[in-house]
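Below is one structure, written out as structure tokens; comments come after it.
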Amino acid sequence: MEIVVAFTRSEKLLEELTSKEENLKGLWRQEGELNTQRKILLKQLWIKFGDVSKELMMKIDKFNSQQLNMLVERIFDISSEDDILHLIN
């Protein structure tokens, strides 16, 4: 009987660990996607302006996925770093 109880506990623990692992993988995947979006936006800005201020790079690091997507899509509407902040706000 004790073996069955221990086995059941082990199964539950394994299920919990597997669930937590999947959650972590999802978070890592999301962070990877955000990093890719940031890299694409920064590359576009470097091509367009030749240089990007450290202040703007630090702000871009804090942008969420929706903000990054919007800026990537509106790159042709951006003519200065100030435009980026206006579009975000």
Practice task
Would you name the heavy atoms of R38 and F63 that are closest together and state the gap between them?
Solution key: NH2-O, 3.6 Å
Problem - Verdict with reasoning, E21 to K25, per salt bridge (charged side-chain N to carboxylate O under 4.0 Å, His left out) - result: CA-CA 6 Å; E21 179 184 18; K25 285 180 182 178; 3.7 Å; yes
Handout entry: Side-chain donor/acceptor of S19 to backbone N/O of E15, under 3.5 Å
Key = no
Exercise for the section: Without swapping roles, check the side chain of E81 against the backbone of V52 for a donor-acceptor pair under 3.5 Å. Expected result: no
Handout entry: Heavy atoms from other residues, nucleotides or ligands near CD of Q66 exceed 12 (cutoff 6.0 Å)
Key = no
Practice task
Would you confirm whether K48, through its side chain, and I78, through its main-chain N or O, come within 3.5 Å as a donor-acceptor pair?
Solution key: yes
Fill in the blank from the handout: When rounded to the nearest 0.5 Å, the distance separating CG of D61 from CG of L34 is 10.0 Å
Problem - Short N-O contact, R29 and E33, less than 4.0 angstrom - result: no
Exercise for the section: Output the distance between atom CD (E31) and atom OG1 (T36), rounded to the nearest 0.5 Å. Expected result: 10.0 Å
Exercise for the section: Kindly give the heavy-atom pair with the smallest separation between M70 and I88, and that separation in Å. Expected result: CE-CD1, 3.8 Å
Problem - Closest approach of Q67 to K62 (non-hydrogen atoms, all atoms of both residues) - result: OE1-O, 4.4 Å
Practice task
Check salt bridge (Lys or Arg N to Asp or Glu O under 4.0 Å) between K54 and all other residues, then give those that pass, not counting sequence neighbours.
Solution key: none
Exercise for the section: Give a yes or no on whether E22 atom CD has more than 12 heavy-atom contacts from other residues, nucleotides or ligands under 6.0 Å away. Expected result: yes
Problem - Spatial distance of atom CD1 (I84) from atom CZ (F49) [nearest 0.5 Å] - result: 5.5 Å
Practice task
Hey, could you give me the CG/CD1 distance between L42 and I47, rounded to the nearest 0.5 Å?
Solution key: 11.0 Å
Problem - For L71, the option from D83, I40, L41 that meets side chain to side chain contact (heavy atoms under 4.5 Å, CB included) - result: L41
Practice task
Please answer: with hydrophobic residues joined when any side-chain heavy atoms are less than 4.5 Å apart, are L68 and F76 in the same cluster?
Solution key: yes
Handout entry: Validation row: L45, I75 side chains within 4.5 angstrom (heavy atoms)
Key = yes
Completion exercise
The reported gap from CG in D77 to CG in L87 (rounded to nearest 0.5 angstrom) is 7.0 Å
Practice task
Give the intermediate values and the outcome of side chain to side chain contact (heavy atoms under 4.5 Å, CB included) for residues Q37 and V72.
Solution key: CA-CA 8 Å; Q37 289 174 312; V72 167; 5.6 Å; no
